[in-house]
Protein chains: 2
Amino acid sequence: MEKYVHILKGKGLKITPQRLTILKYLDENRTHPDADIIYNDLKSMNPSLSRTTVYNTLDAMRNIKIIQELTISKTETRYDYHTDPHHHFLCMKCGSIIDVDIKCPHQDSKEVDGHRIEEIHGYFKGICKICSNE
Amino acid sequence: MEKYVHILKGKGLKITPQRLTILKYLDENRTHPDADIIYNDLKSMNPSLSRTTVYNTLDAMRNIKIIQELTISKTETRYDYHTDPHHHFLCMKCGSIIDVDIKCPHQDSKEVDGHRIEEIHGYFKGICKICSNE
DNA sequence: TCCTAACTGGTAATCATTACAAATTAAAAA
DNA sequence: TTTTTAATTTGTAATGATTACCAGTTAGGA
Ligand SMILES: [Mn+2]
Ligand SMILES: [Mn+2]
Ligand SMILES: [Zn+2]
Ligand SMILES: [Zn+2]
């Protein structure tokens, strides 16, 4: 837990039990969950937790770049504790988002066609291994 | 216009003036517009056009793969007449989505880590050339 | 020309996210 | 340690894109 305190402090964010809980959850659940899944999973242990706080916290942590936002799924924004640029696979059947470890030649580019790059996103859509075997 | 009739017929979709108008609009407006922009731009010439029809049409055309859906912007789905896999740049300031012509080594992959690939998406987020110069 | 399944258009519902404001709290200052 | 206050949390209400629904219309084959 000291680990998360340190991360937040290093970026000048106030330490609150809600933020620590959410950050720990993301670290331990690398399934690219959305705000609602996080909220529901934490609600049982933290009955007073508010859905708004989950949204606020995710937004605050994204701002200081300690987590990453994934705009891949059409319906909800999903979050990733892993901030190094990496690629994803979205299963069109079960909806899961899976990390794929492939190298990309544009990983370190700072601009394309004169446009300044701040984030790089690559993902595949299809049917995942598990869903393929019925 | 015969061009669009041919495209729709080839895929077994009924020819309707609404569909022809929307498909032509997408062909002539490669700005990756969303449903609402399409609706508003066409409304003046086609006062009876319904927003629902725009959504239905885009969905039907995406199903038969004559247009492409872009899930890049957080708030709305945007559409592209250009269906060959290619990369995009999303400006975080003005919101425009721009084609970028770079080659990708995964362009023709059929699977990764055992997951069957059906679509490949790559995009950059940052500040576009125009917005950079204030 | 007739018939019918497919399509259109208007309105209502859904659902993720944001706005708002009152109550609480982290942490800096005294 | 106590005080102070700006930041945070929470519950509820609003927003906005998209979907559901259904009655009326139409494309296109018989
Ligand atoms: Mn990831
Ligand atoms: Mn494009
Ligand atoms: Zn799957
Ligand atoms: Zn721009």
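Letters A, B, ... mirror the listed sequences (proteins, then strands); counts begin at 1.
Note on B:R51: every side-chain N or O is 4.0 Å or more away from OP1 and OP2 of C:dG9. Contact annotation: B:Q18 does not reach the phosphate of D:dT26 (side-chain N/O to OP1 or OP2, under 4.0 Å). In this model, the phosphate group of C:dG9 is not approached by any side-chain N or O of B:T52 to a distance below 4.0 Å at OP1 or OP2.
Here the rule is side chain to side chain donor-acceptor pair (under 3.5 Å) with A:D99, and of A:H87, A:H88, A:R30 only A:H88 fits it.
Closest approach to the B:Y55 side chain among C:dA16, C:dT8, D:dT19 is made by D:dT19 (side chain taken as heavy atoms from C-beta onward). Side-chain proximity of B:T16 to the nucleotides D:dT9, D:dA17, C:dT8 is greatest for C:dT8. Which of D:dA27, C:dA27, D:dG11 sits closest to the side chain of B:P17 comes down to D:dA27. Among D:dA27, D:dT8, C:dT18, the nucleotide with an atom closest to any side-chain atom of B:K14 is D:dA27.
Between the base of D:dT18 and the side chain of B:T77 there is no donor-acceptor pair shorter than 3.5 Å. Counting atom types as modelled, A:S48 pairs no side-chain N or O with a base atom of D:dT10 as donor and acceptor under 3.5 Å.
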Point to revise | Trace of the salt bridge (charged side-chain N to carboxylate O under 4.0 Å, His left out) decision for A:D59 with A:R62 | key: CA-CA 5 Å; A:D59 200 52; A:R62 180 195 52 73; 2.8 Å; yes
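The separation between B:D36 atom CG and D:dT19 atom C1' is 15 Å, rounded to whole Å.
Here the NZ atom belonging to A:K24 is positioned 9.0 Å from the CG atom belonging to A:N29, to the nearest 0.5 angstrom.
Between A:Y81 and A:Y4, the ring planes lie perpendicular to each other; the angle is over 60°, past the 30° to 60° tilted range.
End-to-end axis angle of the helix from C:dT1-D:dA30 to C:dA30-D:dT1, from C1' rotation axes over five pairs per end: 40° (rounded to 10 degrees).
B:H106 is not listed as a side-chain neighbour of B:V112, based on a closest heavy-atom distance of 4.5 Å or more.
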